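As structure tokens, the structure follows; a few thoughts come after it.
Just the heavy atoms: all of them, side chains too, but no hydrogens, waters or symmetry mates, feed the values below. Since we're looking at a predicted model, the values are computed, not measured. Proteins get letters first, then strands, A, B, ... in listed order; numbering begins at 1 in each.
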2 protein chains.
Amino acid sequence: MYYLVQYLPLHQKQQGNMAGRPKIFDEKEVVEKAVDVFWKKGYEAASADELLAAMGIGKGSFYLAFKGGKKELYEKSLKQFSDTYDKQLSHDLSESKDQVEFIRHFFLSLADDPTAKIIKGCYLGNALVQLSDGDRDTKLVAAQLLTRTEHIFTTVIRKAQEEKKIKNTARPEVIGKYLINLWNGINITRRSNPNTEDLREMLEMSLKVLD
Amino acid sequence: MYYLVQYLPLHQKQQGNMAGRPKIFDEKEVVEKAVDVFWKKGYEAASADELLAAMGIGKGSFYLAFKGGKKELYEKSLKQFSDTYDKQLSHDLSESKDQVEFIRHFFLSLADDPTAKIIKGCYLGNALVQLSDGDRDTKLVAAQLLTRTEHIFTTVIRKAQEEKKIKNTARPEVIGKYLINLWNGINITRRSNPNTEDLREMLEMSLKVLD
DNA sequence: CCAATATTGTACTAATTAGTACATAATTAT
DNA sequence: ATAATTATGTACTAATTAGTACAATATTGG
């Protein structure tokens, strides 16, 4: 016997037709709050109490909604962050007149970021460095999400090559990896040296691959 | 009245002429053991007990020798690691016939590292990512040490430019930063994608700045 | 041999951790 | 209204944390 089941999008609240006391929070919203804490403190150093305070919910609600505890919350935060980020990036790219130029500007703007004082790095890159061997599965999630962003770059490059907009004839996968590697590097390098001018020149040198 | 004081190198044990029970450990040796633990587990996740076990000393000895506790141990481990690393790198460079070629090979070899399965990244880069805002001073130590390695690259590049061994006429500081940024990037990128072939091609593309 | 000194090992503390148990509260369906 | 269901808040637990206190130990100099 088979049943027709309606799969609702996860973000659609089903409160209206469900029995029981209603949730006082929206999962997406509290995960977003958790991202802030994890990003600022790091995975290990972010305590459950601190997370709950930021999320504005109590332990009862939390461990009911996130049965896997802190780890589940972190994985969900990685996914949600990455989804939002990639979606925004893809959208901005589709809106831009010159996608290669957009990427160039995207990287160059990292040299004079006004938020440079509080350098938090890349949320996914941080995960790869902060997670220990015990959290191999979570690490893998972060790795896959970062690879997804890499693919966005790769796709732009492939298209630009087809349209003869860039001279570089290397495989698009290689240029895409080059770009994500540049991104990964900057997120470390910026933390160790705030010299904006050298950083800018270094970025300009790096972006010659897009000529 | 002035006295002539003989300053002994720190690593020279002065036990022979000192009163009191002799130390059962050598500080450099135990710090080296601690590096292993910090590198594998990360700063936060490395517990004092675990560190002490690896170092083979008890709490009494530890807190006497490292009054600043875990934090002092970590800072010392950063310095000692970096000293050893830079010294080795400088030595290898001075031994090599072609220093630019050495650097090129140094980076290319990262693509087929036999220890790729256990990717621990850069000890100093990890520190920059793993330390939270509360450990700003320790972070600064790591940043300065990483900059020192950058300067080693810069010096090689400057010399190579003077000797017309590379065509790239950008400021050596910029090329040096480019190289340390490449290093920082790879130590993240390798963790997210073990595809050796793409990585190798990406590195070859990156190293064109050394032509 | 004894005083002075430095190191060691153990037992303890006080704080913090993640997570559980469960009574209470707020909702829907009948 | 009341039964069923789901969420919430609080009080608790059990483990782990970094670090301290201090008596016992091993050395040097006199």
Please figure out whether A:Gly20 or B:Ala45 has its closest DNA chain D nucleotide nearer the 5' end.
-> A:Gly20
Heavy-atom nearest nucleotide on DNA chain D taken for B:Phe62 and for A:Phe62; more 5' hit belongs to A:Phe62
From the list [options], which nucleotide is the closest neighbour of the side chain of [X]?
X	options	answer
B:Leu64	D:dA18, D:dA26, C:dT7	C:dT7
B:Ala19	D:dT8, D:dG19, D:dT28	D:dT28
B:Ile24	D:dT27, D:dG9, C:dT8	C:dT8

Whole Å only: how far is the [atom1] atom of [X] from the [atom2] atom of [N]?
X	N	atom1	atom2	value
A:Asp49	D:dT13	CG	P	17 Å
A:Tyr74	C:dG19	OH	P	15 Å
B:Arg21	D:dT27	CZ	C1'	9 Å
A:Leu51	C:dT16	CG	C1'	15 Å
A:Leu73	C:dA18	CG	C1'	13 Å
B:Leu52	C:dT10	CG	P	13 Å
B:Tyr63	D:dT17	OH	P	11 Å
B:Ile57	D:dA18	CD1	C1'	15 Å

So does B:Lys59 reach the base of D:dG19 with its side chain, donor to acceptor, closer than 3.5 Å?
->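 Under the 3.5 Å cut-off, the side chain and the base do form a donor-acceptor pair.
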Is there a donor-acceptor pair closer than 3.5 Å between any side-chain N or O of A:Lys70 and the backbone N or O of A:Tyr43?
->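 Yes, A:Lys70 side chain to A:Tyr43 backbone: donor-acceptor pair under 3.5 Å.
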Quick one: do [X] and [Y] make a salt bridge, cutoff under 4.0 Å?
X	Y	result
A:Lys76	A:Glu72	yes
A:Lys177	A:Glu150	yes
A:Arg104	A:Glu101	yes

Reference residue A:Phe81; test ring pair (Phe, Tyr, Trp, His ring centres under 6.0 Å); the match among A:Phe38, A:Trp39, A:Tyr74 = A:Trp39
